[in-house]
Amino acid sequence: MAEITVVHDAAALAEAAAAQFVQAATQALARQDRWAVALSGGATPQAAYQRLAAPDLASQVDWARVHFFWGDERCVPPDHPESDYGMARAALLDHIPVPPANVHRMRGELDPAEAAAAYQAELENFFGLAWPRFDLVWLGLGEDGHTASLFPGTAALRETQRYVVANWVEKLNAWRLTLTAPVINHASRRTFLVTGSRKAQILKEVLQGPYQPEVRPAQLVLPEAGALVWLVDRDAASQL
Ligand code: 6PG
């Protein structure tokens, strides 16, 4: 059952998301050796990354045992302004003592199919033969109902075998790299971060509308087990 938490505004959402990250990481690292998180791209998580990098929160996490992955990536080099990795590096990774070997970025600069195959191998190497079980996956929600880079009507929506694919997105006239829905649903915990009135209609449709994942791919996020949290601000929740 999804848990929906409504907070005041984007600043409160960043605060809550960062606090939840620290709590989940510290609790897990008290009983396990490492903690694997898949970060989201787009604009919404940036403030939460910056909040996490602040000393009062950053000092609480044993970053040497945290492994960073991405839920999706644009097919651009890491220093490109549209790079999801680049955004997270500037907002968080450059400000915490995480070993470079713990940062597993999608290589957006490569040929898309090659980049997807390389990340599949990276996930197999890290998680072994079992299906990847991230400890936490952060997700966003596009106004068209996409999450990660699972866009309406695209081939990646129907993927059931691979962990990560190169997904052609006609409306963007671009390739994207994205984790697939089975991997997102296999995680121990996944949290959607959603802010702003422009997301209110789609949030209502995703949470309360008919089940049509081809049209609203965020509806594919239906975990077998583990937590599904929607962390949204009042504006985004205004139609719920
Ligand atoms: C990306 C994201 C994507 C994002 C949504 C929402 O790489 O763009 O991973 O899924 O979360 O597009 O984006 P905003 O937060 O910018 O509204």
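Just so you know, ligand 1 is whichever comes first in the structure, and atom 1 is the first atom listed for that ligand.
Atom CG of Asp56 has more than 12 heavy atoms from other residues, nucleotides or ligands within 6.0 Å.
Atom 15 (O) of ligand 1 has as its closest protein heavy atom Thr44 OG1, 2.5 Å. Here the heavy atom of the protein found nearest to atom 10 (O) of ligand 1 is Ala148 O, 2.6 Å. Looking only at heavy atoms of the protein, atom 13 (O) of ligand 1 is closest to Gly42 CA, 3.9 Å. For atom 6 (C) of ligand 1, the nearest non-hydrogen atom of the protein is Leu141 O, 3.7 Å.
Listed by chain and number, the residues in a ring-ring contact (aromatic ring centres under 6.0 Å, His included) with Trp138 are Phe21, Tyr49 (sequence neighbours excluded).
Checking Glu82, Glu143, Lys199 against atom 17 (O) of ligand 1, the nearest heavy atom belongs to Lys199. One option in Arg74, Met87, Arg198, Gln46 has a heavy atom closer to atom 8 (O) of ligand 1 than any other, and that option is Arg74.
Looking at ligand 1, you won't find any N or O of Thr147 less than 3.5 Å from one of its N or O atoms. The N/O atoms of Leu139, backbone and side chain alike, include none that comes under 3.5 Å of an N/O atom in ligand 1.
Atom numbering of ligand 1 starts at 1 in the shown order; those under 4.0 Å from a heavy atom of Gly140 are 11 (O). Residue Asp84 has at least one heavy-atom neighbour below 4.0 Å for each of these atoms of ligand 1: 1 (C), 7 (O).
With a 4.0 Å cut-off on non-hydrogen atoms, His146 touches ligand 1 through its side chain and not its backbone. At a 4.0 Å heavy-atom cut-off, ligand 1 does not touch Glu73 at all.
The CG atom of Leu139 lies 5.0 Å from the CD1 atom of Ile184; values are rounded to the nearest 0.5 Å.
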